[in-house]
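All values below were derived from every heavy atom in this structure, side-chain atoms included, with hydrogens, water molecules and symmetry-related copies excluded.
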Amino acid sequence: MEWVNNTGDNTQRVLWLSGPAGKGKSAIVHTIAKWVNDVGGLGSCYCFDRQREADRRHEKIFSTISRDLADRDPEMRQALADAVQAASSLKKTADIIQQWQKLLIEPLEKSSGSTGEPIVIVIDALDESGGVETRRDLLRILAGKHHNPAVPKIADLPGNFRFIVTSRPLDDIKDKFHGVQHIRQMSMDDIPRVDAERDIRAYASKELEGLDFQDREFAVLAEKADGLFEWARLACGYIKECHAGLSPMECYQAVVSRDPAERSPLLHDMYRLILKDIMPGDTSSHSQKLRSTALARFRSVMEQILGTAEPLPLASLNAMRHHFPKQEDDFDVKLMVKYMGSLLSGTTDSDSPIRPLHASLHDFLTDERSSGEFFIDLSKAQRNLAFASLRVMEHGLRFNICNLKSSYLPNSDDSGLQERVQKYIPPHLSYSSRFWTSHVRTTSFDKELAKEVKLFFDHERLFFWLESLALINALSGAGPALPPIAQWLKVSTLLLNVSSTVMDVQRFIQVFSGLILHSTPHLYVSALPFLPANSPLSRNFSARFPNTLRVASGRDMNWPAVQTVLRGHTSSVNSVSFSPDGTRIVTGSLDKTVRLWDAGTGEPVGEPLRGHTDSVNSVSFSPDGTRIVTGSEDNTVRIWDAVMWQPSQQCALSDPSEFSDEHHTIEAASTMTLNTSNNHFIRFSPNPIHALCNAFELTEEASHDDRSSTHFLLDSDSGWMVGPKHRLLFWAPPASRHSFYSSQTALVIPRGGPELDLSRMAHGQHWHNCRQGP
């Protein structure tokens, strides 16, 4: 504790506690955290978990820590609120460099509470944060090894801040922390054996209190543990549990009398003992048959628990098992997990996700040499989960699943929407929608599974899937996940048309994801009608949604060659380059700036880089994509850190309520004054029969003057056609944002621009009538 309390300038800011699994790193650091919390000095305790990699916790670390600090300091809370108000995109940014600078360092500089008493921040199980790439930025921050001088280093924190980090000694962590002066390194292997035995003995005496054990038994347990706290926890749990016909002392003897030759590694030996007790062997043929059934169910349950991309609660595990391909797998998970409280968390609470209590259980069960008859084959789990996910969606997805109120509204203005999302998209349906692609592509090609995938893409629930993804804010992950599915299907020449549809969906998401996320009814109201005529999606599904707008003239036959138009530079663009992985684009311009773009969405990634004093003529990524080199007319070459690029504060879709002539560039004839005293004058075609019917809802609550002379605005950047009271009428893709007809236009020669037929368009509160049938 002397290190925590020493706030001198020369005191190391970070303590890295490393050691192998089961040594008690987490127990030690959580004990420290509890002590610090009791004296009021705990800033935050952030724990990674291998079973929660799908939560992408590595992208939330400093936003969470900053909120924890704000809870204990009113000035920090106000400074954090001011930062988010000034840049709302900070609420959702996944860039931890920006989180570090904008949500932690800068607010702390404005908080007087950031000086004085020690403040400890715990980062537990850093090695379980994902792969090397996912923790690269975090390691750079902790080690102070990022190269952007604009990004504050850890030494810029107030002198009373201390970080405690635990992990296994993985190579990337060791390499990044090696030789760093402000990091104090400690290894669990350096703790004297006598000290470890003393601590384990104290732990065992507390855990087994009241069971008539003496110091001698506790000392033997501590010696047998060989420094492994996780072994001691498992042993104490085994001894405390009730076992038919056995006393606690007999269970103790079973633990400590194991043959030393069979006890390596110790944790695996403890797992074998516990599992054999749950499923004891018997020589009778009847009991052997029952045990064989129990073993099969154990493997099935653990394959599911370890194979899921994120932990699921009991009800969701059962809901998915109902759709496993084999009937024998359809049983209540509780039959097995209720006996596994010493190995799994969440077994007594139906709403809590079920996950291993310790990462070493995963290692044991997936190593056939160690686990033997308890071995878990995760490849079988992937196939079962792929089938289950597709079938859960088949039964759970439906049109307008969350009863969206009006196509005029952005999702953010639909009151009560989040509550309806929670009600109508349960965890197992949300999970299946987000992760079915992952389970399919990690399964070897399988004709039966391919048939399920084909059924999915041949049915309109494909669009219900996109609708649900938008409502749970997971649509952005679907686009990159689809090309591997198309490739998976190409194994069979009979499925090439399905593979083509998959890629059509990927293009659909690429073009229309922004509008679907903004106002999900427009998935059907706006996106479907603007599909190219030759699109498989248009050919297969347009007839199911007859009551939408129709592009009467000027419709694209195929997807345009130009996928996205990137706007932002204020002068000519001199140089363009793709990143090696194809996900980003860098551009250099005569306006002296360098810009980075998301290649999938066309959105800017971060603010433009400024530094050159003349035109930027050449740009290029390094082979690993981590750096960018630029050459300029100012006679300099600059190297930029592509990883540390600051995210833009203007990434959100424009709010239609902010549209005005003063702030938006409107293309010629895209602002129209329409005479709405007769409904048939709301039209975007020279043909009167193409006018919008039932337009009263669109113009109601407008003043009499406004109703007789209503402005419609087409924002050329966002693509929204906005009516009175900022109501969203429809959205047009970039390729169709030419000048629309107004009611005063009789004919344009030559024709060729988009003419819209709104005569059958369902809109507003009646938007759901766009679909035909049940």
Aromatic ring pairing Phe435/Tyr431, orientation class (parallel under 30°, perpendicular over 60°, tilted between) = tilted

ask   = About how many Å separate CG of Asn384 and OG of Ser300, when rounded to the nearest 0.5 Å?
value = 6.5 Å

inquiry  = Strictly below 4.0 Å, N to O, side chains only: are Arg201 and Glu223 in salt-bridge contact?
reply    = no

message = Looking only at side-chain N and O atoms, does Ser370 offer a donor or acceptor that is under 3.5 Å from a partner on Tyr271?
response = no

ask   = Would you say the side-chain atoms of Thr443 and Gln382 include a donor-acceptor pair closer than 3.5 Å?
value = no

query = Is any NZ, NE, NH1 or NH2 atom of the basic residue among Lys102 and Glu106 found under 4.0 Å from an Asp or Glu carboxylate oxygen of the other?
reply = yes

query = Donor-acceptor pair, Gln185 side chain versus Phe177 backbone, under 3.5 Å?
reply = yes

key: Residue pair Ser371, Arg272: steps toward the side chain to side chain donor-acceptor pair (under 3.5 Å) verdict   = CA-CA 7 Å; Ser371 54; Arg272 280 191 292 270; over 6 Å; no

ask   = Do Asp127 and Ser167 have a side chain donor and acceptor closer than 3.5 Å?
value = no

ask   = Are Asp377 and Lys380 close enough for a salt bridge, meaning some N to O gap below 4.0 Å?
value = no

ask   = Is the distance between the ring centroids of His182 and Phe163 under 6.0 Å?
value = no

Flag for His439-Ser389: side-chain donor and acceptor within less than 3.5 Å = no

query = With a cut-off of under 6.0 Å to the ring centre and 45° to the axis, is Arg584 in cation-pi contact with Phe621?
reply = no

query = Is the CZ atom of Phe374 crowded by more than 12 outside heavy atoms at less than 6.0 Å?
reply = yes

